[in-house]
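To keep things clear, I will list the structure first and then write my remarks on it.
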Amino acid sequence: MSADKKKNKPAAVQTIRGIVIEKTYARGTKSQHEALYIQTREHEYVLRRINANPFHDDLLHEFKGKEVTATGVLDKNTFLARDIKPCE
């Protein structure tokens with residue numbers, strides 16, 4: 001079977017909880033920029049909203065330093081959030 005005929009499985013939607021932090025992404029490269037991450041107990045993922053600007057998202061910046069619950073899909077080390085809200 002050729003590669004272009006393989007069926008890609010859709011990514012599983014999941015919910016994670018963590019603190020939104022800001023730090024440098026890809027330090028020392030042409031891609032270096034400040035990015036928001038969601039830091040869980042086990043891992044740290046770049047945090048982006050689906051269909052939002054990957055370099056600056058005012059809505060996500062409102063959550064910086066806060067604990068949130070995010071629902072979306074994990075793509076390697078990037079969490080693409082469909083929904084994000086502060087924890088109570």
Side-chain angles (χ1 to χ4, degrees):
M1 181 185 280
S2 68
D4 57 340
K5 290 187 178 182
K6 289 182 182 176
K7 292 183 180 180
N8 292 333
K9 285 197 267 183
V13 174
Q14 55 185 301
T15 299
I16 62 173
R17 183 179 182 146
I19 297 175
V20 177
I21 61 170
E22 184 174 25
K23 68 181 206 173
T24 303
Y25 172 82
R27 185 178 304 276
T29 70
K30 292 190 315 185
S31 298
Q32 179 176 323
H33 65 279
E34 292 302 307
L36 292 175
Y37 288 74
I38 185 166
Q39 186 175 44
T40 68
R41 290 183 182 176
E42 298 84 22
H43 299 286
E44 198 172 84
Y45 304 107
V46 174
L47 180 61
R48 288 183 40 204
R49 284 188 312 129
I50 294 174
N51 298 323
N53 185 327
F55 296 103
H56 186 79
D57 183 343
D58 287 329
L59 181 77
L60 280 185
H61 275 272
E62 293 177 17
F63 294 112
K64 191 166 82 172
K66 298 178 182 172
E67 187 173 19
V68 299
T69 301
T71 302
V73 294
L74 184 60
D75 181 19
K76 297 181 184 170
N77 65 336
T78 301
F79 191 82
L80 300 167
R82 289 184 180 172
D83 182 51
I84 185 166
K85 52 189 165 196
C87 294
E88 296 178 9

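Just the heavy atoms: all of them, side chains too, but no hydrogens, waters or symmetry mates, feed the values below.
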Count the heavy atoms of every other residue, nucleotide or ligand shown that sit under 6.0 Å from CG of Asn51, and state whether that count exceeds 12.
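Counting neighbours around CG of Asn51, 12 or fewer heavy atoms of other residues, nucleotides or ligands fall under 6.0 Å, so no.
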When you group the ILVMFWY residues by side-chain heavy-atom contacts below 4.5 Å and let the links chain together, are [Y] and [X] in the same group?
| X | Y | answer |
| --- | --- | --- |
| Leu74 | Val46 | no |
| Leu60 | Ile50 | no |
| Phe63 | Tyr25 | no |

With sequence neighbours left out, what residues match Ser31 under side-chain hydrogen bond (donor to acceptor under 3.5 Å, both in side chains)?
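With sequence neighbours excluded, Ser31 shows a side-chain hydrogen bond (donor to acceptor under 3.5 Å, both in side chains) to no residue whatsoever.
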Side-chain heavy atoms of His56 within contact of Glu34, under 4.5 Å:
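Heavy-atom side-chain distance check fails, nothing below 4.5 Å.
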Do Thr24 and His33 make a side-chain contact, defined as non-hydrogen atoms from C-beta onward lying under 4.5 Å apart?
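SC-SC contact between Thr24 and His33 ruled out.
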Roughly how far, to the nearest 0.5 Å, is OG1 of Thr40 from OH of Tyr45?
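Separation between the atoms: 5.5 Å.
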Glu44 CD to Gln39 CD distance, which is reported to the nearest 0.5 Å
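Between atom CD of Glu44 and atom CD of Gln39 there are 5.0 Å.
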Mind jotting down which residue pairs meet the salt bridge (Lys or Arg N to Asp or Glu O under 4.0 Å) criterion with at least one end in residues 54-63? Sequence neighbours excluded, please.
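As it turns out, the salt bridge (Lys or Arg N to Asp or Glu O under 4.0 Å) pairs with a partner in residues 54-63, which skip direct neighbours, are Arg49-Asp57.
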Mind listing the side-chain donor-acceptor pairs of residues 79-88 below 3.5 Å, one per line with the distance, residues two or more places apart or on another chain?
none

Cluster partners of Phe55, using ILVMFWY side-chain heavy atoms under 4.5 angstrom, listed by chain and number?
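Under the 4.5 Å side-chain rule, Phe55 groups with nothing.
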Which atom pairs, donor and acceptor, lie under 3.5 Å between side-chain atoms of residues 10-22 and protein residues at least two apart or in another chain?
from, atom 1, to, atom 2, distance (Å)
Thr15, OG1, Thr71, OG1, 3.1
Arg17, NE, Glu67, OE2, 3.0
Glu22, OE1, Lys64, NZ, 2.7

Closest heavy-atom pair and its distance - Arg48, Pro54:
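Reported closest heavy-atom pair: NE-CB, 3.5 Å.
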Please identify each residue that fulfils side-chain contact (heavy atoms from CB on, under 4.5 Å) with Arg41, with sequence neighbours left out.
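If we apply the side-chain contact (heavy atoms from CB on, under 4.5 Å) test to Arg41, skipping adjacent residues, there are no hits.
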Identify, with sequence neighbours excluded, every residue that meets ring pair (Phe, Tyr, Trp, His ring centres under 6.0 Å) alongside Tyr37.
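None.
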